[in-house]
Amino acid sequence: MRWSASIGKVLGIDLRIHAAFPLLLVWAGWTGYALRSSWADAREAVVFVLLLFAVVILHELGHAMAARRYGIETRDITMLPIGGLARLERMPEDPKQELVIALAGPAVNVLLAVPLAAIVILGGASLGANPELVGQWSIWERLLATNIVLAVFNMVPAFPMDGGRVLRALMAMRMPYVQATNVAAAIGQGFAILMGFAGLVLNPFLILIAVFVWIGAAQEAMGVRFRAAFQGVRVSDVMVRSFQTLNADAPLAEATTLLMTGFQAEFPVMEEGRVVGCLTKNDLVRGLSESEGRGTVAQFATREICLAHASEPLIDALKRLDQDACRVMPVVDFGGTLVGLLTPDNIAEFLMVHSAGAKPLPQSDDPQWQL
């Protein structure tokens, strides 16, 4: 998603377009022109792709509006050359809600197909079965066919596509959520292999989709296993308790010494006993370059940071850490005193110990630390 740019908002949701998407317009225009060396054909091909763009957005908005019904917002919708992607803040824990959200996208395509079919029928047009006639179809006919194909193709049980999510939701009603996800992911990767072979014979576009399905299924399954491992774990159970801090008015030379002699790469910045920022390794390198080593920590520290509370659920803190520019999250107690640090490294160590079948030693007297 790093190669995408915002082009506006729809129903309060950020709409983004990937940098590679304009290449699809160029390709469509060129293929339309090359067929009969006609600029009119090229223009019609580009218009059709833009209309397809709108159809895919409506499909993703179907997911987003269904999720909003359950109090789940959508971070953004990104248009990729292979389709659209709606990023929800979270997936619902209730399988019935996930079922509704997954079905909402294809349902939009079905609803769009009804008026399009009426336009085609009233206009006296008919969809031919010969692929060679596709170039002779009107835009209305092609949009009708596209919506039918999108509705059917998205229901293929290839997790994490819509059909795969429907399959996961149905299985999760009868078995543990993690097990349902693992089964759906395995089935999805099986379909990805079949798509890859089909792409070698029929259309290379299927290979791109196969790669997306394979990677998406693996990441989704891993994410669900992580959330299961974090269930019941709080920040105080995982945080680093031995760390170094820097005063805001300290020289960068002090930060350099701590970096070279210790194990930390990011340092909480303190001012009058309170955390006011974070000095990352990148901040330090930038400061040394711009000030020739004569600057202070306050000049180059990252001020926009997120704090975690020692008693809050770890999974809640991780959601903020994922969006934080700083790779370390200072942990404070009820009085606002800095008591620890939360970093991706110590979280990974916790997962490593947990996946090995061992339970980390509790770091406090609280009896609720264990999974």
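We count residues from 1, following the sequence as given.
The two atoms that bring Phe159 and Val213 nearest to each other are O-CG1, 3.4 Å, heavy atoms only. Taking every heavy atom of both residues into account, Pro157 and Ile187 meet most closely at O-CG2, 3.5 Å. Taking all atoms of both residues into account, the shortest heavy-atom contact from Gly196 to Ile207 is O-CG1, 3.9 Å. Looking at every heavy atom in both residues, Gly287 comes nearest to Leu252 through C-CD1, 3.5 Å.
Environment of CZ in Arg303: crowded, with over 12 heavy atoms of neighbouring residues, nucleotides or ligands closer than 6.0 Å. Heavy atoms of other residues, nucleotides or ligands lying less than 6.0 angstrom from OH of Tyr70 number more than 12. Under a cut-off of 6.0 angstrom, the local environment of CE in Met173 is crowded, with over 12 non-hydrogen atoms contributed by other residues, nucleotides or ligands. More than 12 heavy atoms of other residues, nucleotides or ligands shown are found within 6.0 angstrom of CZ on Arg286.
By the 4.5 Å heavy-atom criterion applied to side chains, Glu73 and Arg68 are counted as neighbours. Two residues are said to be in side-chain contact when any heavy atoms from C-beta on lie closer than 4.5 Å; Val224 and Arg168 meet this criterion. Leu167 places a side-chain heavy atom less than 4.5 Å from the side chain of Met171.
Taking hydrophobic clusters as Ile, Leu, Val, Met, Phe, Trp and Tyr residues chained together by side-chain heavy-atom distances below 4.5 Å, Met91 does not share a cluster with Leu99. Hydrophobic clustering of Ile, Leu, Val, Met, Phe, Trp and Tyr side chains at less than 4.5 Å, counting indirect connections, unites Leu200 with Ile193. Val47 and Val56 end up in the same hydrophobic cluster when Ile, Leu, Val, Met, Phe, Trp and Tyr side chains are linked at under 4.5 Å. Each of Leu88 and Val166 belongs to its own hydrophobic cluster when Ile, Leu, Val, Met, Phe, Trp and Tyr are linked at side-chain heavy-atom distances under 4.5 angstrom. One hydrophobic cluster holds both Ile57 and Val49 under the rule that ILVMFWY side chains link at heavy-atom gaps under 4.5 Å.
The stretch residues 252-265 participates, sequence neighbours left out, in no side-chain hydrogen bond (donor to acceptor under 3.5 Å, both in side chains) pair at all.
One finds no salt bridge joining Arg234 and Glu312 here, because no Lys/Arg side-chain nitrogen approaches an Asp/Glu carboxylate oxygen to under 4.0 Å.
Atom CG of residue Leu51 and atom CH2 of residue Trp140 lie 7.5 Å apart, to the nearest 0.5 angstrom. In this structure, the separation between CG on Leu52 and CG on Leu143 is 7.5 Å, given to the nearest 0.5 Å. For the atom pair Ile139 CD1 and Leu116 CG, the distance stands at 11.5 Å (nearest 0.5 Å). Put simply, CZ on Phe243 and CZ on Arg241 are 10.0 Å apart, with the number rounded to the nearest 0.5 Å.
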TODO: Decide side-chain contact (heavy atoms from CB on, under 4.5 Å) for Ile209 and Phe153; before the verdict, give the C-alpha distance in whole Å, the side-chain angles of both, and the deciding distance to 0.1 Å.
DONE: CA-CA 11 Å; Ile209 298 178; Phe153 184 74; 4.0 Å; yes
Open item on the list: Working note: Val178 + Arg225, criterion side-chain contact (heavy atoms from CB on, under 4.5 Å); need CA distance, chi angles, decisive distance, verdict.
Closed with: CA-CA 6 Å; Val178 175; Arg225 288 195 293 269; 4.1 Å; yes
TODO: Step by step, work out the side-chain contact (heavy atoms from CB on, under 4.5 Å) result for Met239 and Leu314.
DONE: CA-CA 9 Å; Met239 68 183 185; Leu314 178 62; over 6 Å; no
- [ ] Please lay out, stage by stage, how Val240 and Val328 fare under the test side-chain contact (heavy atoms from CB on, under 4.5 Å).
- [x] CA-CA 10 Å; Val240 174; Val328 61; over 6 Å; no
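Considering Asn282, Asp283, Thr280 as possible partners of Thr302, the one that fulfils the side-chain hydrogen bond (donor to acceptor under 3.5 Å, both in side chains) test is Asp283.
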